[in-house]
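In the text below, chain A, chain B and the rest are named by the order of the sequence lines, each starting its count at 1.
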Amino acid sequence: MIFVIDDDEIMAECIASAMGEHEVRIFGNAISAMNAISNDEIPEMIFLDILLTGPDGFTFLNELVSYDDTARIPIVVVTSLNLEGRDLSVYGVVGVLEKDKMTPSEVREYVEKYVG
Amino acid sequence: MDVEVDGILVAAHELKAPLAVIRQLALSFDEMNDKNEHIRDEMVSVSERAIKQINDLTKLKRLEEGMFEMEPVAIRTVCDEVTRELDYLFRFNKRDLYVKYSSRAGLVVANRELLYSVIYNFLLNAMHYSGEETRSELMVRDYRDKVRVSVRDYGPALPIEVWREMQRGWVEKPTAISMRPGSSGLGLYIASRFSRYMHANVGAVRHRDGTSFYVELNKSRQASLF
């Protein structure tokens with residue numbers, strides 16, 4: 001199961017559609033994703049937007065990294081913010097995709113690499 | 001930072017988001033080939049929003065040159081035209097649009113084009129920040145000696161500092177509304193500039209379950225002739 005967390009519904013759908021047959025859940029905010037995780041739905045990978053309704057992506061990353069069972073989930077940040085020069089690997093971030101430059105094949109490459 | 005440069009950066013950010021979505025939708029044609037019609041509709045809807053924002057930005061310059069004539073405007077007609085134009089977008093996004101007129105004034109002092117943009121902006125914002133299956137309400141009523149056109153949404157609450165700033169009747173510069181992601185406050189700023197030009201005030205009412213944005217327009221004395 002892969003989580004896509006983005007309050008832009010259309011963008012989230014585009015990301016999900018690039019993943020082919022993989023099972024995907026889309027969340028519009030960090031709280032609903034955290035609730036799903038609390039209910040033992042631990043995703044194999046997460047695609048995460050940073051500017052979200054309510055708690056932002058960084059708050060979500062801090063939450064994930066603080067729990068033993070979620071600290072090592074590979075996360076790809078999908079954002080329109082310029083995060084150049086910021087080291088996000090401490091949060092388990094394996095890649096950053098810029099919304100205005102990314103392609104479906106880049107999404108697929110990450111999925112193939114970390115989920116198979 | 002220079003206010004003008006600041007404004008350009010905000011506008012650039014605001015326009016980048018819909019363009020990124022359109023680009024992504026175009027790239028997703030192969031992956032979403034069973035949903036081509038849906039993608040096309042989304043692309044049209046997002047493009048129209050971006051075009052509307054660009055058009056409004058170009059009008060800001062024309063404001064300074066005093067290019068917009070003030071005249072008696074039939075408020076109901078303008079509201080009807082805006083709701084007719086946005087009707088398909090609301091239905092497409094599974095939102096309801098409720099309209100209620102209770103103003104006795106037929107005419108307000110405004111510029112038709114600017115007033116159209118202000119109401120359009122408010123409604124589009126309401127649709128964008130309301131959840132699926134919720135409704136937005138456009139209400140026109142007399143308020144003291146003015147006509148208040150308000151748009152109520154059921155989205156995230158308006159932060160108190162933005163509400164306070166709006167108490168004076170206008171917005172000084174675009175400010176991101178933290179509770180409303182993706183919002184640079186540009187739409188609100190433009191609505192405020194257009195309203196000031198028309199000697200009208202913008203404001204907001206905070207509700208526990210959303211926000212009403214409004215513009216208060218002067219009644220046209222010509223209305224008394226009817």
Checklist line | By side chain to side chain donor-acceptor pair (under 3.5 Å) - contacts of B:Tyr101 (at least two apart) | finding: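 In terms of side chain to side chain donor-acceptor pair (under 3.5 Å), with neighbours along the sequence ignored, B:Tyr101 is linked to B:Asp80.
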Notebook entry, point to check: What pairs with B:Arg112 under side chain to side chain donor-acceptor pair (under 3.5 Å), at least two apart in sequence or on another chain?
Noted result: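 Side chain to side chain donor-acceptor pair (under 3.5 Å) check on B:Arg112 returns B:Glu81.
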Checklist line | Residues that A:Phe3 engages under ring pair (Phe, Tyr, Trp, His ring centres under 6.0 Å), provided they are two or more places apart | finding: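 Residues passing ring pair (Phe, Tyr, Trp, His ring centres under 6.0 Å) with A:Phe3: A:Phe27.
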Check: If you check every heavy atom in residues 93-116 of chain A against those of chain B, which residues fall under 4.5 Å?
Finding: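 Residues of residues 93-116 of chain A touching chain B at under 4.5 Å: A:Lys99, A:Asp100, A:Lys101, A:Met102, A:Thr103, A:Pro104, A:Arg108.
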Item checked: Flag if over 12 foreign heavy atoms under 6.0 Å of CZ, B:Arg206 ->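 Above 12, so yes.
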Note to self: Does A:Glu23, at its CD atom, have more than 12 non-hydrogen atoms belonging to other residues, nucleotides or ligands within less than 6.0 Å?
What the structure shows: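 No, CD of A:Glu23 has 12 or fewer neighbouring heavy atoms, counting only those of other groups under 6.0 Å.
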Check: Atom OG of A:Ser17 and atom CG of B:Leu27: how far apart are they, to the nearest 0.5 Å?
Finding: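 Going from OG on A:Ser17 over to CG on B:Leu27, the span is 10.0 Å.
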Item checked: Point-to-point distance, once rounded to the nearest 0.5 Å, from CG of B:Leu25 to CE of A:Met11 ->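 If we round to the nearest 0.5 Å, B:Leu25:CG and A:Met11:CE are 8.0 Å apart.
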